[in-house]
Amino acid sequence: MLRAFFVWLSESRALRAVAERSSIGQQTSSRFVAGTTVEDVMAATRTMNDLGLTVSIDNLGENVTNPDEARQSAALYHRLLDEITARGLKANVSVKLTHMGLDIDENLARENVCALVAHAAGCHNFIRVDMEGSSYTQRTLDLVRELHRVPGHEDTVGAVIQSYMRRSRRDIEELLAERIRIRLCKGAYKEPPELAFQRKSEVDSNYIELMKMLLKSGVYPGIATHDEKIIDATEAFARDEKIPPDAFEFQMLHGIRRDLQQKLVRDGWRMRVYIPFGTEWYPYLMRRLAERPANVFFIAKNLFRR
Ligand SMILES: Cc1cc2nc3c(=O)[nH]c(=O)nc-3n(C[C@H](O)[C@H](O)[C@H](O)COP(=O)(O)OP(=O)(O)OC[C@H]3O[C@@H](n4cnc5c(N)ncnc54)[C@H](O)[C@@H]3O)c2cc1C
């Protein structure tokens, strides 16, 4: 019930507007968000790189309703790519299509992301297109495939698949047939039973099946989870199948299970941290609270400590 409540909160535009402007809201978000400026996220990226972790940077924002806003968001991503290159950081970027204008006009989003992928190809970087709610799944996968088909962009753009979606096995087969890189996660939105598994046990066992397909594919997957059982299963499968540690990477979110992130690196595995930054943190934070409502107490404790 609490999960549903926080997912519902994440979709409330009115609460979002109030929360993002309040100073208490900004303090609250700091546990999961690396500041509001490009400088903040570059510093957080450097810290992670120094610890042996790579990064994917996410400029927070989604469901923009104005074309200028979408173009400004794309411009910020161009700046991120330049800053990463200039500073020699080990980081790529993660982009949401609704941040690039998908709700306004599919062509606008296509134009924005296409230019970003071309820019990333020019600086040997990579654009990960995040996966949003199910009403965007097909359009997102279609666009990633279209961008990936452009000559010279083969290693420059990748997709995300959610193990709670019933369709995911088929989607993975199709993406792997074109050698499109995939990040596998459980999925963070509220979906109906006809589209998505509802029980954690089903989501987890599907995750493990899909993880095995990805590891065997040789198409450099990202195994994005904080779930220790799944991480153990991935390590065991890689060892049994003699899949080398540089053939895939684990991925986790900024501020979550930092102990485990560093342990994996010490054990010789690759680890990428997804670092969000920016002022539009409200839906992101609500989704993190939905995953673990106990975070409310954790955040409250930190607020009172200040
Ligand atoms: C790198 C990365 C990229 C992602 N990209 C997407 C995307 O594009 N689309 C999408 O729908 N979802 C995305 N997600 C979110 C994902 O779908 C899950 O909602 C999220 O990762 C929680 O699932 P879990 O695998 O950690 O397992 P869970 O079963 O949710 O959690 C397992 C354990 O992890 C820890 N944990 C998990 N979440 C939290 C939290 N919020 N706070 C504290 N501890 C926690 C707890 O110890 C928990 O017991 C991404 C996640 C990661 C790590």
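Rounding to the nearest 0.5 Å places CZ of Arg270 at 13.5 Å from CD1 of Ile223.
Thr47 and Asp50 are not linked by any side-chain donor-acceptor pair at a separation below 3.5 angstrom, with hydrogens and angles left out of the test. Donor-acceptor pairing under 3.5 Å is recorded for the side chains of Ser56 and Asn92. Side chains of Asn49 and Arg46: no donor on one and acceptor on the other come within 3.5 Å. There is a side-chain donor-acceptor pair under 3.5 Å between Glu191 and Ser134.
Within the structure, the ring-ring contact (aromatic ring centres under 6.0 Å, His included) test picks out the following pairs touching residues 81-129 (sequence neighbours left out): His78-His119. The stretch residues 155-177 participates, sequence neighbours left out, in no ring-ring contact (aromatic ring centres under 6.0 Å, His included) pair at all. Contacts classified as salt bridge (charged side-chain N to carboxylate O under 4.0 Å, His left out) and involving residues 203-223 (residues at least two apart or in different chains) are given here: Lys186-Asp204, Lys200-Asp204, Lys216-Glu241.
For the residue pair Pro276 and His254, the shortest heavy atom distance occurs at CD-CB, 3.8 Å. Considering every non-hydrogen atom in both Glu280 and Gly61, the closest pair reads OE1-CA, 3.8 Å. Taking all atoms of both residues into account, the shortest heavy-atom contact from Ala121 to Thr156 is N-CG2, 3.5 Å. Of all heavy-atom pairs spanning Asp246 and Tyr220, the tightest one is O-CE1, 3.4 Å. The two atoms that bring Ile208 and Ala233 nearest to each other are CD1-CB, 4.1 Å, heavy atoms only. Considering every non-hydrogen atom in both Val64 and Ala70, the closest pair reads CG2-CB, 3.8 Å.
Tested against Ser94, the residues Ile275, Val129, Val55, Asp130 include a single side chain to side chain contact (heavy atoms under 4.5 Å, CB included) partner, Asp130.
Phe248 pairs by the ring pair (Phe, Tyr, Trp, His ring centres under 6.0 Å) definition with Phe250, Trp269, not counting sequence neighbours. Residues that satisfy the side chain to side chain contact (heavy atoms under 4.5 Å, CB included) test with Glu228, not counting sequence neighbours, are Arg257, Leu260. In this structure, the side chain to side chain contact (heavy atoms under 4.5 Å, CB included) partners of Arg139, at least two apart in sequence or on a different chain, are Leu102, Glu106, Tyr136. Applying the side chain to side chain donor-acceptor pair (under 3.5 Å) rule to Tyr284 yields no partners; only residues at least two apart in sequence or on another chain are considered. Take Gln138 and apply the side chain to side chain donor-acceptor pair (under 3.5 Å) test, not counting sequence neighbours, and it matches Asp142, Arg167. For the side chain to side chain contact (heavy atoms under 4.5 Å, CB included) test, residues two or more places apart in sequence or in another chain that qualify with Asn66 are Asp68, Glu69. Every residue two or more places apart in sequence or in another chain was checked for a side chain to side chain donor-acceptor pair (under 3.5 Å) with His226, and none qualifies. For Asp240, the salt bridge (Lys or Arg N to Asp or Glu O under 4.0 Å) criterion is met by no residue, not counting sequence neighbours. With sequence neighbours excluded, the residues forming a side chain to side chain contact (heavy atoms under 4.5 Å, CB included) with His148 are Glu154, Val157, Ile180, listed by chain and number.
Taking a cutoff of 4.0 Å between a charged side-chain nitrogen and a carboxylate oxygen, Asp267 and Lys263 qualify as a salt bridge. Salt bridge absent: Lys96 and Glu132 never bring a charged side-chain N and a carboxylate O closer than 4.0 Å.
Looking at heavy atoms from C-beta onward, Thr36 lies out of side-chain contact with Val41 at the 4.5 angstrom threshold. Side-chain contact check for Glu83 versus Leu80: every heavy-atom pair is 4.5 Å or farther apart. Side-chain atoms of Tyr77 and Leu116, non-hydrogen and from C-beta on, do get closer than 4.5 Å to each other.
Hydrophobic clustering, with ILVMFWY side chains joined whenever heavy atoms are under 4.5 angstrom apart, groups Leu141 together with Leu97. A continuous path of ILVMFWY side-chain contacts below 4.5 Å connects Met213 to Met131, so both sit in one hydrophobic cluster.
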